[in-house]
Protein chains: 2
Amino acid sequence: MPKQVDPHSRRTLLADALLRVAASRGLMDVSLRHVAAEAGVTAGMVQHYFRTKDEMMVFALDVVAARVQARLEEGPAPDGPRARVRALLVQLLPVDADRELEGRVAIAFHAYAATRPAVAARLREDARRMREAIAAEVAAAGAPGALDPQRAATGLVSLVEGLAIHVLGGHVDADHALATLEGHLDLAFALPRL
Amino acid sequence: MPKQVDPHSRRTLLADALLRVAASRGLMDVSLRHVAAEAGVTAGMVQHYFRTKDEMMVFALDVVAARVQARLEEGPAPDGPRARVRALLVQLLPVDADRELEGRVAIAFHAYAATRPAVAARLREDARRMREAIAAEVAAAGAPGALDPQRAATGLVSLVEGLAIHVLGGHVDADHALATLEGHLDLAFALPRL
DNA sequence: TGCTTTACGTTGCACTTGCAACGCGAAGGA
DNA sequence: TCCTTCGCGTTGCAAGTGCAACGTAAAGCA
């Protein structure tokens with residue numbers, strides 16, 4: 001056999017190219033040939049590692065999900081529930097170039113999920129995990145009179161996703177979004193003197 | 001000349017077909033021929049009313065925007081700032097079939113906007129108007145110690161957009177979303193006894 | 001030295017896409 | 001009555017699409 005390559009790293013390479021194309025030109029422009037060109041390889045190689053385009057899409061989605069997950073777990077967990085939840089949610093805001101790319105990809109995939117049940121299920125599962133993690137922290141914090149943990153979690157995650165859309169669309173800037181998030185965190189964790 | 005038709009109603013008819021295709025099969029499947037088929041006309045007629053596909057897309061976006069706007073203005077304005085803001089925001093949640101379709105279209109167009117500056121500008125303007133309307137109501141209500149009006153408005157609009165995504169994705173049900181919205185309205189308008 | 005397997009590259013095909021171009025019948029005005 | 005103009009329908013085309021099929025060089029095992 002030839003050079004014996006690691007298939008997973010090859011697939012990741014292609015997935016990265018896909019994500020770049022998706023972020024810069026939209027999901028409609030994601031084709032075998034465009035991805036191949038972006039990765040600097042031939043279309044035949046793409047076909048070698050993904051039997052179908054859909055398989056490639058799903059794998060790319062897995063890559064972003066794993067990457068976000070990894071970022072959430074890296075570094076020591078901050079002190080206190082509020083800080084931990086904040087750390088989680090900030091990862092979803094497009095505050096730098098990497099996260100902006102991921103944000104654009106996320107929007108594209110939300111639209112894509114509308115027609116692909118498998119993709120939709122994946123996003124649903126991710127969202128569920130995120131909500132539960134946050135609800136647990138809110139419950140642990142035992143905020144006195146604010147929202148119940150489930151609703152607070154749903155609210156915070158939704159808020160951040162909405163903020164991400166507005167930041168990416170240029171409707172508001174990242175600072176305003178961060179400030180808004182801080183305010184809502186205060187509410188959810190019932191800051192003293194509210 | 002032949003039967004002398006109203007061009008605007010024809011274009012609206014085609015735009016409706018486009019929206020149905022976009023909602024049911026995604027924006028990637030929106031093509032001249034599919035739209036024509038959905039509308040029950042020939043592809044040639046579509047070309048007659050829209051010189052380019054992009055022109056058709058933008059017109060369709062205008063149609064939804066106008067429709068949402070019309071719905072916001074119909075009926076008497078509710079009593080009190082909180083109720084008025086609630087009425088605004090509920091229109092953006094997919095609580096029935098019509099709004100679900102519009103929600104799917106909205107997501108698709110947010111993704112589309114990433115590559116079309118003209119579309120992005122349109123969405124930005126719509127969002128700005130919505131935020132200002134809400135900020136004005138919040139300010140008028142003079143909520144004592146909660147968020148400042150600008151942030152509250154950004155937060156509420158983002159929250160609702162995020163909730164819409166989660167409802168459409170099947171992550172949470174409409175009732176939960178509504179309840180979450182109520183809770184956040186209470187916070188923004190600083191309900192007694194918080 | 002074969003022989004097989006891996007990892008691609010190449011070619012081709014059926015199909016869809018946006019769009020231009022042309023045709024053409026039905027209405028009016030002259 | 002002619003003749004223009006509008007409202008489409010039809011056809012065609014170059015480009016792009018996903019995917020199958022085949023070829024083929026390299027690397028290991030026998």
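Naming convention: chains lettered A, B, ... in sequence-line order (proteins, then strands); numbering from 1 in each chain.
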| Tell me, which pairs form a ring-ring contact (aromatic ring centres under 6.0 Å, His included) where one or both residues lie in residues 84-107 of chain A, sequence neighbours left out? | none
| Asp126(A): side-chain contact (heavy atoms from CB on, under 4.5 Å) partners, not counting sequence neighbours | Ala65(A), Arg122(A), Arg129(A)
| task | Supply the members, apart from Ile107(B), of the Ile/Leu/Val/Met/Phe/Trp/Tyr cluster built from side-chain contacts under 4.5 Å; use none for a lone residue. | result | Ile107(A), Ile165(A), Leu168(A), Ile165(B), Leu168(B)
| field | For Thr154(A), side-chain hydrogen bond (donor to acceptor under 3.5 Å, both in side chains) partners two or more places apart | value | His176(B)
| For Asp6(A), what residues pass the side-chain contact (heavy atoms from CB on, under 4.5 Å) criterion, not counting sequence neighbours? | His8(A), Ser9(A)
| query | Where the side chain of Lys53(A) meets the backbone of Val30(A), is there a donor-acceptor pair that is under 3.5 Å apart? | reply | yes
| task | Report yes if at least one side-chain N or O of Arg10(B) is closer than 4.0 Å to OP1 or OP2 of dG7(D); otherwise report no. | result | no
| query | For Ser24(B), which residues count as a side-chain contact (heavy atoms from CB on, under 4.5 Å) partner, sequence neighbours excluded? | reply | none
| said: If you take any heavy atom closer than 4.0 Å to DNA chain D, which residues from residues 12-36 of chain A end up in contact? | reply: Val30(A), Ser31(A), Leu32(A), Arg33(A), His34(A)
| Sorted by number, the residues of residues 113-121 of chain B with heavy-atom contact under 4.0 Å to DNA chain C | none
| Among all residues two or more places apart in sequence or in another chain, which pass the side-chain hydrogen bond (donor to acceptor under 3.5 Å, both in side chains) test with Arg104(B)? | Glu100(B)
Show me the donor-acceptor pairs within less than 3.5 Å that the side chains of residues 33-41 of chain A make with the rest of the protein, sequence neighbours left out.
| residue | atom | partner | partner atom | Å |
| --- | --- | --- | --- | --- |
| His34(A) | ND1 | Asp29(A) | O | 2.8 |
| Glu38(A) | OE2 | Arg20(A) | NH1 | 2.7 |

| Taking only residues two or more places apart in sequence or in another chain, which ones pass side-chain hydrogen bond (donor to acceptor under 3.5 Å, both in side chains) with Glu55(A)? | none
| remark: Here the residues of residues 42-56 of chain A within 4.0 Å heavy-atom distance, strictly under, of DNA chain D are Gln47(A), Thr52(A), Lys53(A)
